[in-house]
Q: 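Got a structure for you, written out below as structure tokens; questions coming shortly.
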Amino acid sequence: MGGVAILPQEADTRSLVDFRAAQAQSIGGPPIGIATHPPHVSIIQCPLQLDMPYMDLLRAIRVALPPEAPSPLTMTDLGYQPVGWLFLNLKLAPWLAELQRTTLEEVQPFIESAAIDRNKSLEGYTSAERRSYLRYGYRYTGSSFKPHITLGRLAPASISIVDGLRVEFEEAVGWWSSSPRALMFYEAGQFGVIERVISEIPW
């Protein structure tokens, strides 16, 4: 499984890593870090071929976007996403929607449709997310695009703690916003973390 993602600025990444570390007893899943499993905004995450022209594709995606600086990556809320995810949800700015559209257009020939797990439980998916998953292997595309940074996983019995986590986040981090630092292809590990950076370009 591979993906295309945006990395935020390092200082803004650090604030999320520190919050996640402080909440390690409440938030499950693999820890996030600066160099290992860095927080990121997935644009797509699909079963991709291994022999893709990664750098050429990144340049094509970047060149297709407007040359002016994008608006910041800005949170809308900290929330629970079924089943079991804790998301820092981000505003769906027009440039992000265009970035995903362009990315899908560029990588479509390299998606391994046969590798999409069609027996996977789609509990918690909307009908649009189901269609997206069955087409691309990723639920958040098109009208279902939900820009976010995954902070970890919550056990079903722990959903009630989300309100408390929002208070903790506000006190520790405040209203989170960042500008893009890099655009990358990555190899996805367990729970969709960045296991390995394959190729990246600075924003």
Side-chain angles (χ1 to χ4, degrees), residues 1-8 10 12-13 16-17 20 27-58 60-62 73 80-90 92 96 99-125 129-142 144-154 178 180-203:
M1 187 72 70
V4 174
I6 294 170
L7 289 180
E10 289 187 2
D12 305 315
T13 296
L16 300 182
V17 170
R20 174 68 174 80
I27 304 173
I32 55 178
I34 299 299
T36 303
H37 306 160
H40 61 282
V41 184
S42 285
I43 303 304
I44 60 164
Q45 188 177 109
C46 305
L48 298 173
Q49 297 174 14
L50 297 176
D51 57 346
M52 297 168 56
Y54 294 107
M55 190 57 73
D56 289 344
L57 288 168
L58 285 176
I61 292 166
R62 185 68 187 89
L73 302 162
Y80 175 79
Q81 175 71 17
V83 177
W85 302 102
L86 184 67
F87 278 4
L88 180 67
N89 293 308
L90 304 176
L92 178 54
L96 274 172
L99 174 60
Q100 187 184 71
R101 187 198 67 76
T102 300
T103 300
L104 282 171
E105 186 176 276
E106 293 291 338
V107 306
Q108 179 77 56
F110 304 98
I111 295 176
E112 296 276 17
S113 297
I116 296 173
D117 181 3
R118 301 183 188 278
N119 296 315
K120 175 181 176 178
S121 171
L122 303 184
E123 179 186 357
Y125 286 38
E129 288 170 357
R130 289 189 184 94
R131 288 193 300 272
S132 177
Y133 174 80
L134 293 172
R135 180 176 182 184
Y136 300 113
Y138 186 60
R139 68 193 280 192
Y140 303 115
T141 67
S144 299
F145 187 24
K146 188 182 184 72
H148 65 276
I149 295 174
T150 302
L151 296 179
R153 291 184 65 82
L154 300 177
S178 185
R181 176 171 64 84
L183 183 68
M184 64 157 57
F185 273 102
Y186 66 96
E187 176 187 337
Q190 187 182 28
F191 303 129
V193 299
I194 293 178
E195 194 65 41
R196 179 174 66 93
V197 175
I198 299 173
S199 187
E200 74 174 83
I201 58 174
W203 197 274

Q: Do Met184 and Val4 make a side-chain contact, defined as non-hydrogen atoms from C-beta onward lying under 4.5 Å apart?
A: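 Not in contact.
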Q: Look at the aromatic rings of Trp85 and Phe191 and report parallel, tilted or perpendicular, splitting at 30° and 60°.
A: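 Answer is perpendicular, since the angle exceeds 60°.
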Q: Report the C-alpha separation of Thr150 and Phe87 in whole Å, then their side-chain angles, then the decisive distance to 0.1 Å, and conclude whether the side chain to side chain contact (heavy atoms under 4.5 Å, CB included) test is met.
A: CA-CA 5 Å; Thr150 302; Phe87 278 4; 3.4 Å; yes
Q: Are Asn89 and Lys146 close enough that some pair of their side-chain heavy atoms sits under 4.5 Å apart?
A: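 Counting from C-beta outward, Asn89 and Lys146 do come under 4.5 Å.
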Q: Compare all side-chain heavy atoms of Leu99 with those of Ile6 and state whether any distance is below 4.5 angstrom.
A: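 The answer is yes, as the side chains (C-beta and beyond) meet within the 4.5 Å cut-off.
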Q: So Arg101 and Phe145, do their side chains get closer than 4.5 Å, heavy atoms only?
A: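 With C-beta onward as the side chain, the pair stays apart.
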Q: Under the 3.5 angstrom rule, does the side chain of Tyr54 hit a backbone N or O of Leu58 as a donor-acceptor pair?
A: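 Not a single qualifying donor-acceptor pair exists.
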Q: Within this structure, what is the CG-CD distance for the pair Asp56 and Glu106, rounded to the nearest 0.5 Å?
A: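 Answer for the CG-CD pair, Asp56 versus Glu106, is 10.0 Å.
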Q: Quick check on Gln49: does its CD atom have over 12 non-hydrogen neighbours (other residues, nucleotides or ligands) under 6.0 Å away?
A: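 Count over threshold, so yes.
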Q: After noting the C-alpha distance and the side-chain angles of Glu200 and Leu183, does the key distance pass the side chain to side chain contact (heavy atoms under 4.5 Å, CB included) rule?
A: CA-CA 6 Å; Glu200 74 174 83; Leu183 183 68; over 6 Å; no
Q: Measure across Ile44 and Val107 and return the closest heavy-atom pair with its distance rounded to 0.1 Å.
A: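 Here Ile44 and Val107 meet closest at CD1-CG2, 3.4 Å.
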Q: Within a strict 4.5 Å, meaning less than it, do heavy atoms of the His37 and Ile194 side chains meet?
A: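 Not in contact.
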Q: Taking all non-hydrogen atoms of both residues, which atom of Tyr133 and which atom of Asp117 are closest, and how far apart?
A: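 What the structure gives for the nearest pair is OH-O, 2.8 Å.
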Q: Can you tell me if Ser199 uses its side chain to pair, donor with acceptor, with the backbone of Phe185 under 3.5 Å?
A: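 Not a single qualifying donor-acceptor pair exists.
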Q: List the atom of Arg139, the atom of Ser144, and the distance in Å for their closest heavy-atom pair.
A: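 So the minimum-distance heavy-atom pair works out to O-CB, 3.5 Å.
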Q: Could you grab the distance from atom CD1 of Ile61 to atom OG1 of Thr103, nearest 0.5 Å is fine?
A: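 Interatomic distance, Ile61 CD1 to Thr103 OG1, rounded to 0.5 Å: 4.0 Å.
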Q: Taking Gln100 for its side chain and Ile43 for its backbone only, find out whether a donor-acceptor pair lies under 3.5 Å.
A: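 Between the backbone of Ile43 and the side chain of Gln100 there is a qualifying donor-acceptor contact (under 3.5 Å).
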Q: CG of Leu104 to OG of Ser132: how many Å apart, nearest 0.5 Å?
A: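 Here the interatomic distance stands at 7.5 Å.
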Q: For Ile32 and Val193: C-alpha separation, side-chain torsions, deciding distance, then whether side chain to side chain contact (heavy atoms under 4.5 Å, CB included) applies.
A: CA-CA 8 Å; Ile32 55 178; Val193 299; 5.6 Å; no
Q: Is there side-chain contact between Leu134 and Arg118, with at least one heavy-atom pair below 4.5 Å?
A: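 The answer is yes, as the side chains (C-beta and beyond) meet within the 4.5 Å cut-off.
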Q: Between the side chains of Tyr140 and Gln81, does any donor sit under 3.5 Å from an acceptor?
A: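 Their side chains do contain a donor-acceptor pair, which is all the 3.5 Å distance test asks for.
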Q: Please step through side chain to side chain contact (heavy atoms under 4.5 Å, CB included) for the pair Ile27 and Arg153, ending with a clear verdict.
A: CA-CA 6 Å; Ile27 304 173; Arg153 291 184 65 82; over 6 Å; no
Q: Can you name the nearest heavy-atom pair linking Ile201 to Met55, along with the distance?
A: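 So the minimum-distance heavy-atom pair works out to CG2-SD, 3.3 Å.
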Q: Calculate, to the nearest 0.5 Å, the distance between atoms OH and OG belonging to Tyr136 and Ser113 respectively.
A: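 Rounded to the nearest 0.5 Å, the OH-OG separation comes to 10.0 Å.
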Q: Specify the closest pair of heavy atoms between Ile116 and Gly137, including all atoms of both residues, with the distance to one decimal.
A: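 Heavy atoms only, the tightest pair is CD1-N, 3.5 Å.
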Q: Decide whether Tyr186 and Gln45 meet the rule of one side-chain donor and one side-chain acceptor closer than 3.5 Å.
A: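 Yes.
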Q: Just to verify, which of Leu86, Leu16, Asp12 counts as forming a side-chain contact (heavy atoms from CB on, under 4.5 Å) with Ile149?
A: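 One option only clears the test, and that one is Leu16.
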Q: To the nearest 0.5 Å, what is the distance between CZ on Arg131 and CG on Leu122?
A: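 Those atoms lie 12.5 Å apart.
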Q: Judged by atom type as modelled, is there a donor-acceptor pair below 3.5 Å linking the side chain of Arg181 to the main-chain atoms of Pro8?
A: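 Judged by distance alone, yes, a pair lies under 3.5 Å.
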Q: Write down the atom of Leu48, the atom of Glu112, and the distance for their closest heavy-atom approach.
A: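 Reported closest heavy-atom pair: C-CG, 4.1 Å.
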